[in-house]
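Each remark here refers to the structure printed beneath this line.
This is a predicted model, so every value here is computed, not measured. These values consider heavy atoms only, across backbone and side chains, with no hydrogens, waters or symmetry-generated copies.
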Amino acid sequence: SGWILASLAGDLDGQVTANSVSLGWFSPIGLADVEIRDAQDRVVLKTPRVLGDKSLISVLLDTARPGRFRIENPQLNVVLGEHGSNVEDLLAAYLAPSDEPSTELGLGLDVVDGQITVLDQGRQRTWKIDKFQLALTMSADGNRPLDLQASGNVADKKRPGSFQIALKMPLADRKERAAANATPAGD
């Protein structure tokens with residue numbers, strides 16, 4: 001299972017491990033005791049369970065639509081530095097601009113009862129978010145908007161609070177993206 005995780009996370013500037021991986025041909029994909037560590041070997045994300053809604057054969061037959069994944073009780077550790085965050089560093093290869101056309105990805109992500117710790121190194125201040133919930137849906141055809149909903153409780157003794165976010169963001173269709181990425185002849 002280690003080589004599967006390594007190949008899926010090949011562009012990650014870090015490492016992904018799981019205590020167990022369930023990849024049945026006809027049963028949903030599942031992972032247990034997942035850890036994502038950054039290049040400095042610090043835990044960025046830890047979760048006891050990740051469950052998919054599609055079988056391995058379904059994902060292999062339609063890689064643009066891997067399905068919906070549920071991440072239960074994750075702990076995310078974000079470290080803010082002078083030039084960005086550990087999460088940005090971890091995902092740098094995925095966030096970098098590219099001249100290659102992007103592959104449309106139909107993906108759903110549900111985060112249930114998460115905890116986020118944010119450390120601002122410059123100010124030496126820490127914030128915590130408990131009971132973090134997230135629902136993200138991206139359409140593979142690019143014709144439906146990205147849909148994101150998130151909520152959580154800010155665990156601060158002086159100024160506790162809660163938040164809810166709902167976002168629907170239209171995505172440009174393929175023709176618009178192709179036109180935007182086209183380079184005029186002679187340039």
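- Looking only at distances, a side-chain donor or acceptor of Asp38 sits under 3.5 Å from a matching main-chain atom of Arg42.
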Query - Pair Ile129-Phe163, side chain to side chain contact (heavy atoms under 4.5 Å, CB included): steps then yes or no - result: CA-CA 10 Å; Ile129 298 171; Phe163 66 90; 3.7 Å; yes

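- Electrostatic pairing of Asp62 and Arg65 counts as a salt bridge here, judged by a charged N lying under 4.0 Å from a carboxylate O.
- To the nearest 0.5 Å, the span separating OG1 on Thr47 from CG on Asp33 amounts to 8.5 Å.
- Using a 4.5 Å cut-off between side-chain heavy atoms of Ile, Leu, Val, Met, Phe, Trp and Tyr, with links allowed through other members, Phe69 and Val112 fall into different hydrophobic clusters.
- Hydrophobic clustering, with ILVMFWY side chains joined whenever heavy atoms are under 4.5 angstrom apart, keeps Leu51 apart from Val111.
- Atom CG of Leu90 is separated from atom OG of Ser85 by 9.0 Å, given to the nearest 0.5 angstrom.
- Under the 3.5 Å distance criterion, the side-chain polar atoms of Asn153 are left unmatched by any main-chain donor or acceptor of Asp130.
- Listed by chain and residue number, Val44, Leu45, Val78, Val87, Ile116 satisfy the side chain to side chain contact (heavy atoms under 4.5 Å, CB included) test with Leu76 (two or more places apart in sequence, or in another chain).
- Hydrophobic cluster membership differs between Val79 and Leu91, with clusters built from Ile, Leu, Val, Met, Phe, Trp and Tyr side chains linked at under 4.5 angstrom.
- A distance of 4.5 Å separates CD in Glu72 from CZ in Arg70, rounded to the nearest 0.5 Å.
- No side-chain heavy atom of Pro145 sits less than 4.5 Å from a side-chain heavy atom of Met169.
- Linking Ile, Leu, Val, Met, Phe, Trp and Tyr whenever their side-chain heavy atoms come within less than 4.5 Å puts Leu167 and Leu109 in one cluster.
- The structure places CZ of Arg49 at 9.0 Å from OG of Ser20, a figure rounded to the nearest 0.5 Å.
- Looking at Asp120 and Arg125, no side-chain N of the basic residue comes within less than 4.0 Å of a carboxylate O on the acidic one, giving no salt bridge.
- Here the straight-line distance linking atom CD of Glu35 with atom CG of Asp41 works out to 9.0 Å at 0.5 Å rounding.
- Taking all atoms of both residues into account, the shortest heavy-atom contact from Thr63 to Leu60 is CG2-O, 3.9 Å.
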Report task. Let me see the working for Gln149 and Ile165 under side chain to side chain contact (heavy atoms under 4.5 Å, CB included), right down to the final yes or no. Result -> CA-CA 5 Å; Gln149 296 179 26; Ile165 299 168; over 6 Å; no

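- Nearest heavy-atom pair across Gly84 and Glu88 is CA-OE1, 3.0 Å.
- Side-chain contact between Ile29 and Val59: present, with at least one pair of heavy atoms (C-beta onward) separated by less than 4.5 Å.
- The shortest side-chain heavy-atom distance between Val43 and Asn77 falls under the 4.5 Å cut-off.
- For the atom pair CG of Asn86 and CD of Gln121, the computed distance is 8.5 Å after rounding to the nearest 0.5 Å.
- When side chains are defined from C-beta on, Phe132 does not count as touching Asn73, because their heavy atoms never get closer than 4.5 Å.
- At least one donor-acceptor pair under 3.5 Å links the side chain of Ser55 to the backbone N or O of Trp25.
- In this view, Asp113 satisfies the salt bridge (charged side-chain N to carboxylate O under 4.0 Å, His left out) rule with no residue, not counting sequence neighbours.
- The side chain to side chain contact (heavy atoms under 4.5 Å, CB included) check on Arg68 picks up Asp53, Asp110, Ala135, Thr137, with sequence neighbours excluded.
- Looking at every heavy atom in both residues, Pro28 comes nearest to Gly52 through CB-O, 3.2 Å.
- The shortest side-chain heavy-atom distance between Ile57 and Phe26 falls under the 4.5 Å cut-off.
- Residue-environment remark: NZ (Lys54) exceeds the threshold of 12 foreign heavy atoms within 6.0 Å.
- With Thr117 contributing its side chain and Lys128 its backbone, the two residues share no donor-acceptor pair below 3.5 Å.
- Heavy-atom contacts from other residues, nucleotides or ligands closer than 6.0 Å to CD of Gln164 number 12 or fewer.
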